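Okay, so here's the structure we're looking at.
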2 protein chains.
Amino acid sequence: MEARHLRYALALADHQHFGRAAAALGIAQPPLSQQIAALERELGARLFDRTARGVFPTAAGEAFLVRARQALAEMAAAVSDAGRAARGETGRLRLGFIGSALLELLPSLLNRFARGHPDVRLGLQEMSTCRSAAALLAGELDVAVGRGAPRGAGAEDLVSVTVGRDRLVAVVGAAHPFAGQAEVSVEQLRGEHLIVAPADEEPLVAARLAALLGEGADSPARTGGITEARDVHTIIGLASCGIGVGLGPACMRAAARRGTWVCEVSPRVELPELVMSFRARDRSPVLAAFLDTTREVCPGVGGQLGDRRVGR
Amino acid sequence: MEARHLRYALALADHQHFGRAAAALGIAQPPLSQQIAALERELGARLFDRTARGVFPTAAGEAFLVRARQALAEMAAAVSDAGRAARGETGRLRLGFIGSALLELLPSLLNRFARGHPDVRLGLQEMSTCRSAAALLAGELDVAVGRGAPRGAGAEDLVSVTVGRDRLVAVVGAAHPFAGQAEVSVEQLRGEHLIVAPADEEPLVAARLAALLGEGADSPARTGGITEARDVHTIIGLASCGIGVGLGPACMRAAARRGTWVCEVSPRVELPELVMSFRARDRSPVLAAFLDTTREVCPGVGGQLGDRRVGR
DNA sequence: GGCGATGATATGCGGGAGATATCGGCGGGC
DNA sequence: GCCCGCCGATATCTCCCGCATATCATCGCC
C-alpha cells in the first residue's frame with residue numbers, strides 16, 4: 001500500500017464520484033477505479049459502495065478514511081518538520097559563555113535569535129573560556145563565547161570568530177584612593193592588590209595581564225597580591241568591598257553598581273577579543289541560523305566566516 | 001512522496017548502512033541510494049550524514065523520522081481498522097426489542113455477541129414491534145426484535161427470521177380465583193377483564209387474541225373489559241394488583257414475581273413468533289456478525305437466512 | 001424500451017523503480 | 001606510507017506498473 005492509495009480513497013470519498021474524483025486528482029477515471037480496486041483487494045474488504053446515487057464509503061471505508069487522513073497529515077508534517085529543522089527553525093542550541101558576554105553581546109544576539117527562531121530550545125550556561133572549549137569538543141555545547149580563540153588539543157577542530165573587543169579597565173570600591181580618578185597607570189596598578197580572572201580558566205587573559213604588568217606579576221617582587229575571581233560580577237563585588245583593584249573588560253561598566261568606581265587604564269590595553277567558537281564539522285542548521293544572526297548583529301563576522309555555508 | 005520513501009528512510013536509520021538496509025528491504029543498494037536521494041531532493045534537505053562510521057540522520061532527518069514512523073503506524077492502523085470493521089468487530093449496532101425478548105432470547109444472544117465483539121458499541125432500546133419496524137426503515141435501528149414479521153409499507157425492504165415461539169399464558173394476582181389453577185380455558189378468559197398488549201403497537205398479537213376470544217373481543221358483548229399495557233412487566237404488575245387477567249407469552253414465567261400466578265391456557269395457543277428483522281439492503285458487517293451469532297444461538301435461523309452473506 | 005450517465009474492462013505506452021556493473025573515496029592495516 | 005577493502009554514488013539497462021484512450025456493461029429514467 002502506498003500513499004497514493006490513501007490520497008485516491010480520500011478524493012473518492014470527498015467527491016462521491018469516480019469521474020470527478022479522478023479529475024480532481026488530475027488522472028483519468030479508469031486508473032482511479034483500478035487503484036481503488038487494488039486497495040480493496042489488498043485490504044480484503046470493500047471500502048466503497050457504488051450506488052446509483054453516488055459512491056459512499058462502507059463501514060470499513062469510514063474506518064479506513066479516518067486513519068488515512070491522519071496518515072497523510074503525518075506525512076505532510078514530516079515534510080514540514082524536516083524543512084523547519086533543516087532551516088534551523090527547530091532544534092536545540094547549547095551555548096556556553098563567559099559572564100561578561102552577557103553584558104553587551106548576548107542580550108541583543110539572543111533576543112534577535114529567539115525572536116526569529118521561537119521553536120529552538122536554547123540551553124545557556126555561563127562558564128569559563130577553557131571549560132566552554134572543552135565542552136564544545138566533548139559535544140556538550142554547540143557554541144562557546146569566550147576571550148581569545150581556544151588553543152591546544154582539539155583546537156583545530158574548532159572555528160572561532162571575533163565578535164567583540166574590549167579594553168582593560170580597573171574597578172575599585174568608593175573608598176579606594178583611585179575612586180574619582182578618570183584613569184590609572186599601569187605603574188600604579190603594579191603596587192595594588194589585583195583581582196583578576198583565574199589563570200587556569202582564562203589563560204589568554206592572564207597572559208595578557210602578565211605581559212602588561214611585567215613577567216613577575218604574581219611573584220613576590222610585586223607589591224600587592226593577587227585574588228582570582230571567576231567572573232566579572234565577582235570581580236566587581238570583591239573590588240567594591242575594598243579587597244583590591246579589579247581588572248576586566250570595559251563592558252564591566254555596564255555592571256558597575258553604586259559604591260564602585262571604574263577607571264580607564266593608561267596606556268590603553270586591549271584584552272583578548274571576545275570570540276565565538278563552534279565545531280568546524282558541525283553541520284547543524286540551528287548553528288548555521290545562529291551564525292547568520294551573529295553575522296547580522298556583529299559587523300565583521302561575515303568576513304571572517306566568508307561564504308561558509310554551515311548546515312543544509 | 002510515497003510511503004515507500006518513509007519505509008526506506010526508516011530502514012536506513014535502523015541499519016545505519018545502505019547495503020544492510022537495502023538487504024532488509026529486499027532490494028539492492030543502488031535503488032535505496034536513489035530513493036533516499038530523491039526524498040532529500042524533494043524535501044530540499046539532507047536527511048542523513050554519510051560518514052565513515054555509518055549513516056546517521058541529521059537534525060532534519062530525526063524530525064522527519066519521528067513523523068514517518070507515526071505516518072506508517074497510521075497506515076498500518078488503517079489496514080487493521082478497515083479489516084476489523086469489515087469483519088464486524090468494530091462499529092455500532094442499534095437494537096430495538098420488545099420487553100419479553102429480554103426474558104429469554106437477548107440475554108444469551110447479547111452476551112455471546114458482546115464477548116465475541118467487544119469493540120462493537122451496542123445501542124439497546126426497548127420498543128414495540130410497530131415502532132421498531134418504523135425505526136428500522138427510518139435507519140434509526142439496525143435490528144429489531146418483535147412479535148410477528150412486520151407488514152405494511154416498506155415491509156418488503158425488511159428481512160425477518162423467526163427466533164423464538166411462545167404459547168399464550170395467563171397471569172393473575174394471588175387473590176384471583178384462577179390462582180392455583182394449572183390452566184384456564186379460553187371460555188373462562190372471555191368473562192374476565194383482560195390486560196393485553198396495545199392493539200396499535202402490537203397488531204399481530206392483538207389480532208391473534210381477537211381471533212381466539214371471538215371477533216367481539218373488545219365489543220360490549222364480552223363480559224369483561226380490556227386494559228392495554230405496553231410491556232410484559234406492566235402486564236404482570238397490573239395483574240398482580242388484581243386489575244384483571246394478564247395475557248402474554250409463556251416466557252413471562254421468568255418474570256413472574258411473588259404475588260402472581262401463571263396459568264396455561266387451554267387449548268394451547270401460539271402467539272405470533274418472536275421475529276428478528278433487519279433492512280434487506282443493509283450490508284453492515286456488524287449486522288452480518290450479529291446474524292452469525294444469532295445463527296449460533298437460535299437453531300433454525302441458519303436455514304431461514306440460507307447462505308445470505310450479509311456484509312463484506 | 002431507448003438513452004444517457006457511470007463505473008468496469010481492455011489494451012497500449014511511457015516513466016520510474018530496481019537490478020547489474022562499475023566508479024570514487026576514505027580508513028585501516030601490514 | 002602505501003595498498004587493499006569496504007561503502008556509497010553513478011551509469012545503464014530492463015521490466016513492471018501506473019496512466020491514457022477506447023470500449024463495454026449496467027442501471028435509472030424519461
Side-chain angles (χ1 to χ4, degrees), chain A residues 1-58 60-61 65 68 72 75 156-157 280-281 283 312, chain B residues 1-58 60-61 65 68 72 75 156-157 280-281 283 312:
Chain A
M1 190 172 64
E2 286 294 341
R4 182 183 54 254
H5 296 114
L6 308 189
R7 287 189 282 265
Y8 288 8
L10 288 173
L12 183 54
D14 279 349
H15 293 87
Q16 306 185 341
H17 187 286
F18 273 82
R20 282 192 289 277
L25 289 167
I27 63 173
Q29 170 259 317
L32 179 58
S33 287
Q34 289 174 351
Q35 293 298 313
I36 296 292
L39 178 58
E40 290 177 332
R41 194 171 347 110
E42 178 173 352
L43 294 178
R46 187 145 271 244
L47 294 181
F48 292 95
D49 276 331
R50 286 81 156 165
T51 76
R53 297 184 322 286
V55 180
F56 303 99
T58 62
L65 291 167
L72 289 181
M75 286 183 65
E156 65 279 6
D157 291 332
R281 290 189 220 169
R283 292 288 170 275
R312 305 293 160 89
Chain B
M1 189 171 64
E2 287 294 340
R4 180 182 56 254
H5 296 114
L6 309 188
R7 286 188 283 265
Y8 287 9
L10 287 173
L12 183 55
D14 278 349
H15 293 88
Q16 305 184 341
H17 187 286
F18 273 80
R20 281 191 290 277
L25 289 168
I27 63 173
Q29 170 259 318
L32 179 59
S33 287
Q34 290 175 349
Q35 292 298 311
I36 295 293
L39 178 59
E40 289 177 332
R41 194 171 347 110
E42 178 173 353
L43 294 179
R46 187 145 270 247
L47 294 180
F48 293 95
D49 277 331
R50 287 79 157 165
T51 76
R53 296 185 322 287
V55 179
F56 302 100
T58 62
L65 291 167
L72 289 182
M75 287 183 64
E156 66 278 7
D157 290 335
R281 291 189 218 167
R283 291 288 169 275
R312 305 294 161 90

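Per chain, numbering begins at 1; letters A, B, ... match sequence-line order. Remember, it's a predicted structure, so these values are computed and weren't measured experimentally.
Salt-bridge annotation for R7(B) and E2(B): absent, with no side-chain N of the basic residue lying under 4.0 Å from a carboxylate O of the acidic one.
Distance alone, capped at 3.5 Å, places no donor-acceptor pair between the Q16(B) side chain and the F56(B) backbone. Using modelled atom types, no side-chain atom of Q29(B) and backbone atom of A22(B) make a donor-acceptor pair closer than 3.5 Å. Without hydrogens or angle criteria, R53(A) side chain to R50(A) main chain gives no donor-acceptor distance under 3.5 Å.
Between Q35(B) and L39(B), every side-chain heavy-atom pair lies at or beyond the 4.5 Å cut-off.
Among the heavy atoms of the strands lying under 4.0 Å from Q34(A) is at least one base atom, whether or not backbone atoms are also near. Across all strands, Y8(B) comes closer than 4.0 Å only to sugar-phosphate atoms, never to a base (heavy-atom distances). Residue-level contact check: G26(B) touches the backbone only, with heavy atoms under 4.0 Å from sugar-phosphate atoms and none from bases.
In this structure, L39(A) places its CG atom 17 Å from P of dG7(C), rounding to the nearest Å. Distance CZ (R53(B)) to C1' (dC26(C)): 13 Å, rounded to an integer number of Å. Look at CD1 on I36(A): it is 17 Å from C1' on dT9(C), rounded to the nearest Å. Atom pair D49(A):CG and dA8(C):P shows a separation of 12 Å (rounding to whole Å applied). The CD atom of Q35(A) sits 17 Å away from the P atom of dG7(C) (whole-angstrom rounding). One interatomic measurement links the two molecules: CZ of F18(B) to C1' of dT10(D), which rounds to 13 Å at whole-angstrom precision. Rounded to whole angstrom, the span from the CD atom of E42(A) across to the C1' atom of dG18(D) amounts to 15 Å. When rounded to the nearest whole Å, the span between CZ of R20(B) and P of dC7(D) equals 6 Å.
Residues H5(A) and P30(A) both approach DNA chain D. Their nearest nucleotides, taken by heavy-atom distance, put H5(A) toward the 5′ side. Summary of the strand contacts: L32(B) and A52(A) both lie near DNA chain C, and taking for each the nucleotide with the nearest heavy atom, the more 5' one is attributed to A52(A).
Phosphate contact (OP1/OP2 of dG7(C), side-chain N/O of H17(A), threshold under 4.0 Å): present. Contact annotation: S33(A) reaches the phosphate of dA8(C) (side-chain N/O to OP1 or OP2, under 4.0 Å). The side chain of R4(A) contributes an N or O atom lying less than 4.0 Å from OP1 or OP2 of dG18(D).
Closest to the side chain of P31(A), out of dT20(C), dG18(C), dA20(D), is dA20(D). Among the nucleotides dA20(D), dG8(D), dG7(C), the one closest to the side chain of Q29(A) is dG7(C).
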